[in-house]
Amino acid sequence: MKIFLDTANLESIKKFNDMGLLDGITTNPSLMYKEGGDPKAAMAEITSIIKGDVSLEVVSTDSSGMIEEGRHLREYGENVVVKVPMTPDGLKACKSLSSQGIPVNVTLIFSANQALLAAKSGAKYVSPFIGRLDDAGQDGMHLIQEIKEIFSHYDFRTQILVASVRHPLHVVDAAKIGADVVTLPPLVLDKMLLHPLTKIGLENFLADWEKLKTENPDINA
Ligand code: E4P
């Protein structure tokens, strides 16, 4: 399963990229707003740091505006995936951009039917928002299971990009289902790295090594 980072925060992107963990990035207008500053500079830097796919979202609501924006966004790099909303205009833009060889991520997917339609429009990725479904009292992970099953019956090349991830258990469940990608807020990736037994185990190893050194002062000689 590929791991994308769901952020426009350059520090986090560099930190996890240096660990070799990142296959790509997803951004959206809210994430750009959260970071402040010049979004154009941020998009240019993100696409240069990350070799894998970087989703940059359009803000037009009509298909021709989305297509034009999509073409501009691709100027940031060959790894740019144009993110369009799951609307009739979004699908029209998806079909047009995809047929020009520009990959598209259809975002704000909340039902299996929406994922099916986005796949038929030629999307490279569909982004079901599982955390927001959980928040609304629906089982977000069940949607991933449904989409996975539906896609398995057909010849779609569309990848399931699990979005709106809230905690590490979401990641385990998505991997067990066989989702293609999860996009993670930096905080979730931080939590996945840590386990209290790893911390305690390392502390004990180092403390024992110090004791051993005290008993054998020549050990490092
Ligand atoms: C996906 O690409 C979105 O940027 C993101 O996962 C939305 O997550 P949220 O529900 O935490 O805002």
Side-chain angles (χ1 to χ4, degrees), residues 1-10 12-13 16-17 21-36 39 42-43 46-47 49-50 52-61 66 69-70 73 76-77 79-87 90-91 93-94 97 102-112 114-115 118-119 121 123-144 147-148 158-175 177 179-192:
M1 184 171 66
K2 281 179 268 184
I3 291 180
F4 289 2
L5 204 63
D6 195 26
T7 189
N9 182 277
L10 295 173
S12 300
I13 291 171
F16 292 113
N17 193 46
L21 296 179
L22 300 187
D23 299 300
I25 299 289
T26 51
T27 64
N28 64 38
S30 304
L31 292 171
M32 290 289 180
Y33 172 68
K34 191 175 157 199
E35 294 312 317
M43 290 191 272
I46 295 169
T47 48
I49 298 169
I50 295 293
D53 284 352
V54 175
S55 286
L56 303 178
E57 189 159 342
V58 300
V59 288
S60 300
T61 52
M66 290 183 202
E69 249 190 90
L73 289 172
Y76 286 104
N79 55 343
V80 169
V81 175
V82 178
K83 207 174 181 190
V84 303
M86 177 60 214
T87 60
L91 292 192
C94 176
L97 290 166
I102 298 177
V104 175
N105 174 358
V106 178
T107 189
L108 291 165
I109 299 262
F110 292 96
S111 76
Q114 287 182 320
S121 286
K124 178 170 184 181
Y125 298 105
V126 288
S127 290
F129 277 36
I130 60 167
R132 293 192 195 186
L133 279 173
D134 289 353
D135 292 344
Q138 282 178 257
D139 181 359
M141 203 52 71
H142 178 67
L143 175 59
I144 304 303
I147 300 171
K148 178 78 185 167
T158 308
Q159 297 178 44
I160 303 171
L161 193 169
V162 180
S164 187
V165 170
R166 299 271 194 264
H167 51 72
L169 256 187
H170 272 154
V171 183
V172 174
D173 289 338
I177 292 168
D180 301 288
V181 191
V182 283
T183 189
L184 308 178
L187 207 63
V188 174
L189 197 42
D190 268 327
K191 287 181 182 166
M192 286 167 63

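Just so you know, residue 1 is the first one in the sequence shown, and it goes up from there. Indexing begins at 1, ligand by ligand and atom by atom, following the structure's order.
Close contacts between ligand 1 and Arg132 involve ligand atoms 7 (C), 9 (P), 10 (O), 12 (O) [criterion: under 4.0 Å to a heavy atom]. Heavy-atom contacts of Lys83 reach the following atoms of ligand 1: 1 (C), 2 (O), 3 (C), 4 (O) (cutoff under 4.0 Å). Near Ala163, meaning under 4.0 Å from any of its heavy atoms, are these atoms of ligand 1: 1 (C), 6 (O). For ligand 1, the atoms closer than 4.0 angstrom to any heavy atom of Phe129 are 1 (C), 3 (C), 7 (C). Taking a cut-off of under 4.0 Å to the non-hydrogen atoms of Asn28, the atoms of ligand 1 that pass are 3 (C), 4 (O). Using a 4.0 Å cut-off to heavy atoms of Asp6, the atoms of ligand 1 that qualify are 1 (C), 2 (O), 3 (C), 4 (O), 5 (C), 6 (O), 7 (C), 8 (O).
Residue contacts with ligand 1 for Ser127 are absent, since no atom lies close enough (heavy atoms, distance under 4.0 Å).
Remark: the backbone N or O of Cys94 is not paired with any side-chain donor or acceptor of Ser121 at under 3.5 angstrom. At least one donor-acceptor pair closer than 3.5 Å links the side chain of Thr47 to the backbone N or O of Tyr76. Formation of a donor-acceptor pair under 3.5 Å by the Gln159 side chain with backbone atoms of Val181 is not found in this model. Proximity of a side-chain donor or acceptor of Thr183 to a complementary backbone N or O of Ala163 within less than 3.5 Å is not detected.
Taking atom 8 (O) of ligand 1 as the reference point, the nearest protein heavy-atom neighbour is Ser164 CA, 3.4 Å. Of all protein heavy atoms, the one closest to atom 11 (O) of ligand 1 is Arg166 NH1, 2.8 Å.
A search for salt bridge (charged side-chain N to carboxylate O under 4.0 Å, His left out) contacts involving Asp180 returns nothing, not counting sequence neighbours. Scanning for ring-ring contact (aromatic ring centres under 6.0 Å, His included) contacts around His142 gives an empty result, with sequence neighbours left out.
Here the OG1 atom belonging to Thr27 is positioned 11.0 Å from the CG atom belonging to Leu5, to the nearest 0.5 angstrom.
In this structure, Thr107 falls outside the shell of residues with a heavy atom less than 4.0 angstrom from ligand 1. Heavy-atom separations between Glu57 and ligand 1 are all 4.0 Å or longer.
Side-chain contact annotation: Glu35 with Asn9, donor-acceptor N/O pair under 3.5 Å present.
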